[in-house]
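Since we're looking at a predicted model, the values are computed, not measured. The residues of the chain are indexed from 1 along the displayed sequence. Counting starts at 1 for both ligands and their atoms, in listed order.
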Amino acid sequence: MDTIAAISTAPAIGGIGIIRLSGDKTFEIIKKIFVPKNVQKIEEIKGNSIKYGVIVDEGKIIDEVLVSFFKEPKSYTRENMCEINSHGGILIVRKILEICLKNGAILAEPGEFTKRAFLNGRIDLAQAESVIDIINAKTNREIEASVKQLEGNLSKEISKIRKKIMDLMVDIEASIDYPEYDVEEVTYANAINILENIRKELEKLSNSFENGKIIKEGISLAIIGKPNAGKSSLLNEFLKEERAIVTDIEGTTRDTIEEEISIEGIPFKIIDTAGIRESNDKIEKIGIEKSKKVALNSDIILAIFDSSKNLDKEDFEIINFIKNKNAIIILNKIDLKENNETVTEISKTGKDIIKISVLEKKGIEKIYEKLVEKFNLNEINIDNENIITNIRHKDLIDCAKQNATEAINAVKTNLPIDIVAINIKEILENLGKITGESVSDDIIKEIFSKFCLGK
Ligand code: GDP
């Protein structure tokens with residue numbers, strides 16, 4: 001395989017920049033461009049060591065660097081590798097990369113280092129995919145889930161299921177090959193047991209995707225309400241900063257504002273919408289329509305009302321709007337005199353109601369508590385179980401589950417054992433696509449193309 005090189009640090013000014021090399025010719029290239037201090041020969045440098053020296057090009061010193069040496073198979077890619085730590089200027093790292101290319105390396109494709117780690121068997125496909133998830137993670141929980149996947153927890157579980165299926169296949173093949181031994185009945189009873197068990201395990205994994213989705217994508221929360229109910233103030237309280245403009249002139253938050261906060265480690269995308277009310281203003285109308293749309297698409301709505309005022313037509317419209325939606329009612333401004341009628345009317349909605357005063361910072365914690373309760377955030381326990389965070393994995397698990405159901409039905413309806421065998425083989429195939437045992441080159445290419453350069 002070619003020796004590849006790429007800049008692994010972000011294309012920005014920083015303390016250091018890293019240029020990575022991997023492949024057979026790595027040390028040969030390094031020998032031509034790196035002059036270590038106090039070392040006679042590059043060949044004498046041990047793996048897992050760092051050497052200080054200079055990068056040279058046509059006899060000229062280019063930069064003062066540290067070079068890390070990794071000898072195969074003890075490297076990220078399982079190939080010979082070097083990482084040149086140069087000064088972190090955009091130009092200098094590019095210059096060193098060019099020197100590597102000039103001396104025999106070729107430019108790595110996005111994700112190619114990780115792809116080699118996969119192709120050389122150091123990690124499987126699910127583990128490789130977790131690398132990109134770690135890089136893109138927005139929350140600590142997401143990092144934890146991805147690191148577990150990188151450690152191979154999901155792969156181990158998939159392998160365990162595959163092992164059970166392979167054992168079953170051995171039995172089935174025996175009964176196909178030696179029908180005279182009449183092992184079929186035993187095999188059928190055994191097969192149903194094993195397949196039911198596998199289907200349950202696959203279902204559990206598939207269901208974990210909901211949690212995985214929450215960890216990865218977070219929860220979208222729309223704050224809706226009439227102008228002046230306190231939407232922007234609440235958003236600001238969530239953010240503890242003045243992001244939305246808080247004023248007492250109605251209709252100032254014309255467009256939606258999105259911010260992200262973290263509750264119990266889960267990202268919440270909070271959307272402060274334009275106040276929902278009747279309006280003749282063209283631009284405001286667009287804003288209001290957008291608010292409704294955003295609220296419709298969100299995972300949960302916080303509908304905020306002014307508890308000191310009478311409810312009017314617009315308030316009732318909002319109450320009607322949230323009727324069949326996942327919504328919590330927030331009664332704001334409890335520091336003012338409570339309007340009994342309003343509170344009574346709101347109680348009739350049957351929704352969860354939380355009384356707060358953003359002004360006096362009262363009751364805000366009850367909103368957090370309710371959200372934790374509603375989304376079972378305390379139960380999202382990354383420690384004890386595998387959580388599927390990748391839609392590709394979820395789809396394949398669902399396919400395997402379907403294959404298991406078909407295999408069970410085939411056994412139950414006494415279909416010939418070779419038909420059962422086909423369904424069972426499909427379970428293997430689909431699970432193998434998760435870990436990469438049975439996946440096409442196109443899919444591999446697509447997965448790694450989403451990586452960044454130098455990873
Ligand atoms: P929005 O139009 O719904 O976004 O409402 P704002 O957040 O802009 O608030 C409108 C007005 O209500 C501002 O003058 C806020 O200071 C005031 N306000 C917000 N929350 C409270 C509260 O809990 N109590 C009182 N008394 N006033 C509040």
Which bit of [X] gets closer than 4.0 Å to ligand 1, counting heavy atoms only: side chain, backbone, both or neither?
X: Asp335; result: side chain
X: Leu336; result: side chain
X: Ser232; result: both

Return the option from Lys362, Lys361, Lys333, Lys231 holding the heavy atom at the smallest distance from atom 28 (C) of ligand 1. Lys333

Is the centre of the Phe238 ring less than 6.0 Å from the centre of the Tyr368 ring?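 For Phe238 and Tyr368, the ring centres are under 6.0 Å apart.
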
Atoms of ligand 1 less than 4.0 Å from [X] heavy atoms?
X: Gly230; result: 1 (P), 3 (O), 5 (O), 6 (P), 7 (O), 9 (O)
X: Pro227; result: 2 (O)
X: Ser357; result: 23 (O)

Heavy atom of Lys226 under 4.0 Å from ligand 1?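 True for this residue.
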
Does an N or O from [X], backbone or side chain, lie closer than 3.5 Å to an N or O of ligand 1?
X: Glu360; result: no
X: Leu359; result: yes
X: Ala229; result: yes
X: Ile334; result: no
X: Ser233; result: yes
X: Ile356; result: no

So, is the end of the [X] side chain (NZ or CZ) under 6.0 Å from the ring centre of [Y] and within 45° of the ring's axis?
X: Arg116; Y: Phe448; answer: no
X: Lys325; Y: Phe321; answer: yes
X: Lys333; Y: Phe305; answer: no

What residue among Leu302, Val358, Leu221, Asp272 forms side-chain contact (heavy atoms from CB on, under 4.5 Å) with Leu235?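 Going through Leu302, Val358, Leu221, Asp272 one by one, the side-chain contact (heavy atoms from CB on, under 4.5 Å) with Leu235 is satisfied by Asp272 alone.
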
Consider only side-chain N and O atoms of Ser22 and Glu79, and report whether a donor and an acceptor are under 3.5 Å apart. yes

Less than 3.5 Å apart, any donor N or O on the side chain of Ser206 or Lys394 sitting next to an acceptor on the other?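 There is such a pair between these side chains.
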
In the structure I gave you, are the side-chain heavy atoms of Ile444 and Lys115 within less than 4.5 Å of one another anywhere?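 In short, these two side chains touch, coming nearer than 4.5 Å.
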
Residues that Val147 engages under side-chain contact (heavy atoms from CB on, under 4.5 Å), provided they are two or more places apart: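 Here the qualifying residues are Ile134, Ile143, Glu151.
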
